[in-house]
**Q** 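Quick one: structure below, then a few questions.
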There are 2 protein chains.
Amino acid sequence: MSKQAAPLSLDLTAAPCCPPLAQQRVSDETAVVLAPAFKALGDPVRLRLMSMIASAEGGEVCVCDLTPAFDLTGPTISHHLRTLREAGLVDSERRGTWVYYRARPQVLRQLAALLAVEPSPPSDR
Amino acid sequence: MSKQAAPLSLDLTAAPCCPPLAQQRVSDETAVVLAPAFKALGDPVRLRLMSMIASAEGGEVCVCDLTPAFDLTGPTISHHLRTLREAGLVDSERRGTWVYYRARPQVLRQLAALLAVEPSPPSDR
DNA sequence: CCCCTAGGTTGACATCTGTCTAAGCAGCGT
DNA sequence: ACGCTGCTTAGACAGATGTCAACCTAGGGG
């Protein structure tokens, strides 16, 4: 694998930040910083988790509402959530017995911006 | 890993397609179809390759222009390109001695759309 | 104080992935 | 026909990843 450190909670806001990928070559540094975020989304379970968290009413979900949606054990879900957290995509907070996760929209926005492409170039229609 | 088949060239256009991840829960099927694309972008080398291809003048690049940009052997670059191809992110075409790669904007657009988030919700400022 | 529930941590395991070297295939010159 | 250059395929190998069972920690109630 192409190296990766994961300082246990990435601040993607610190990334050299993102003229669209298709508009200007992504630098090595930027690639190294942003790739882990895409990697984190590169698993169906995590993609769904991310979606469940990001689309949650009130902006947050209890883990207890996430786990039963999958055919996986608690530890496995916990592991995936940790991956999302370390990729800087979500934040977690314990409140009493429960742990709540919420999305970090800035990072999502940054990734979306990176993938942005012209609406539909002339050659296409 | 959470299952995956890769029919040697994915048609992501066939995906149940993408109301933003933060607006509606991504279905299992959609997640299974789209996750591989994110996974493909989840490596710094491939992210840069994707960018070099997508931002290329004339919409295409020769492999011979990609390879020297990295500290990797030809086969390794070829392997990464294949991954991008199988993820449906790029297309390749041989012309004479050289092979040219071009991006598939539709897929990029689809991924970007999935990550789209409200500009900046009230709670944020 | 004890136990119950919600989650996270550890360790183990099979599988996948990134990288390389060696070998193969495709065009193009001569 | 031969060899050269550009790229892909095949095989090998160390390291990463997804999953689980077992264990641990934190809070809340009796």
Side-chain angles (χ1 to χ4, degrees), chain A residues 1-6 8-9 28 31-32 35-50 52-53 60-87 90-102, chain B residues 1-6 8-9 28 31-32 35-50 52-53 60-87 90-102:
Chain A
M1 210 149 285
S2 307
K3 252 331 151 22
Q4 152 194 52
L8 251 142
S9 191
D28 187 28
V32 167
F38 285 117
K39 187 174 187 170
L41 295 176
D43 178 281
V45 173
R46 286 194 295 266
L47 193 52
R48 283 178 62 200
L49 281 171
M50 186 69 221
M52 294 174 76
I53 296 170
E60 59 179 19
V61 213
C62 173
V63 173
C64 60
D65 288 330
L66 297 173
T67 306
F70 298 85
D71 230 16
L72 296 168
T73 62
T76 298
I77 297 297
S78 193
H79 162 67
H80 283 304
L81 288 172
R82 183 221 274 264
T83 302
L84 288 174
R85 210 177 334 117
E86 290 182 350
V90 301
D91 266 334
S92 67
E93 180 194 356
R94 167 159 228 135
R95 228 148 55 222
T97 312
W98 298 280
V99 175
Y100 295 87
Y101 278 77
R102 57 175 58 241
Chain B
M1 211 146 281
S2 305
K3 251 332 150 23
Q4 151 198 50
L8 251 142
S9 190
D28 187 27
V32 167
F38 285 117
K39 186 174 186 171
L41 295 176
D43 177 281
V45 173
R46 286 194 296 265
L47 193 51
R48 284 178 62 201
L49 281 171
M50 186 69 221
M52 293 174 76
I53 296 169
E60 59 180 18
V61 213
C62 173
V63 174
C64 61
D65 288 329
L66 297 172
T67 306
F70 298 86
D71 230 17
L72 296 168
T73 63
T76 298
I77 297 298
S78 192
H79 162 67
H80 284 303
L81 288 172
R82 183 221 275 264
T83 301
L84 288 174
R85 208 178 335 118
E86 289 182 350
V90 302
D91 265 335
S92 68
E93 181 195 353
R94 167 161 227 133
R95 228 148 55 222
T97 313
W98 298 279
V99 176
Y100 295 87
Y101 278 78
R102 57 176 57 244

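Order of the sequence lines fixes the chain letters, A, B, ..., with proteins taken first and strands second; residue numbering starts at 1 for each chain. Since the structure is predicted, the reported quantities are computational estimates derived from the model, not experimental observations.
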**Q** Enumerate all atom pairs, one protein N or O and one N or O from nucleotides 9-14 of chain D, separated by less than 3.5 Å.
**A**
from	atom 1	to	atom 2	distance (Å)
D:dT9	OP2	B:R82	NH2	3.2

**Q** What is the distance from CZ of B:F38 to C1' of C:dT17, rounded to the nearest Å?
**A**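 Atom-to-atom, B:F38 to C:dT17, this comes out as 20 Å.
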**Q** Can you name the side chain to side chain contact (heavy atoms under 4.5 Å, CB included) partners of A:T97, sequence neighbours left out?
**A**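 With neighbours one apart ignored, the set is empty.
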**Q** Is the phosphate of C:dC20 approached by B:T76 (side-chain N or O, under 4.0 Å from OP1 or OP2)?
**A**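 Yes, because at least one side-chain N or O of B:T76 sits under 4.0 Å from OP1 or OP2 of C:dC20.
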**Q** According to a strict under-4.0 Å criterion, is B:Y101 in side-chain N/O contact with OP1 or OP2 of D:dC7?
**A**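 For D:dC7, OP1/OP2 do not have a side-chain N/O of B:Y101 under 4.0 Å.
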**Q** Could you state the CG-C1' distance from B:L66 to D:dC7, rounded to the nearest angstrom?
**A**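 Value for this atom pair: 12 Å.
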**Q** Run the side chain to side chain donor-acceptor pair (under 3.5 Å) test against B:R102 and tell me which residues pass, sequence neighbours left out.
**A**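 If we apply the side chain to side chain donor-acceptor pair (under 3.5 Å) test to B:R102, skipping adjacent residues, the hits are B:E60.
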**Q** Counting primed atoms plus P, OP1 and OP2 as sugar-phosphate and everything else as base, spell out the protein contacts along nucleotides 25-30 of chain C at 4.0 Å heavy-atom distance: B, S or - for each nucleotide, 5' to 3'.
**A** --SS--
**Q** So what is the 5' to 3' dot-bracket string for DNA chain C, if pairs are Watson-Crick or G-U wobble with both distances under 3.5 Å, crossing pairs use [ ] and | means the partner sits on another strand?
**A** ||||||||||||||||||||||||||||||
**Q** Ignoring backbone atoms, establish whether B:K39 has a side-chain N or O less than 4.0 Å from OP1 or OP2 of C:dT17.
**A**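 Indeed, a polar side-chain atom of B:K39 lies that close.
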**Q** For residues 64-77 of chain A, tabulate all N or O donor-acceptor pairs below 3.5 Å that involve a side-chain atom, not counting sequence neighbours.
**A**
from	atom 1	to	atom 2	distance (Å)
A:T67	OG1	A:V63	O	3.1
A:T73	OG1	A:T76	OG1	3.1

**Q** I'd like to know if the side chain of B:R85 and the backbone of B:A87 have a donor-acceptor N/O pair within less than 3.5 Å.
**A**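 Judged by distance alone, no pair lies under 3.5 Å.
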**Q** Once side chain to side chain donor-acceptor pair (under 3.5 Å) is applied, do any residues pair with B:R48, and if so which ones, sequence neighbours excluded?
**A**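 Scan of B:R48 (side chain to side chain donor-acceptor pair (under 3.5 Å), adjacent residues dropped) gives none.
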**Q** Would you kindly give the CG-to-C1' distance between A:D43 and D:dT17, to the nearest whole Å?
**A**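 Going from A:D43 (CG) to D:dT17 (C1'), I get 9 Å.
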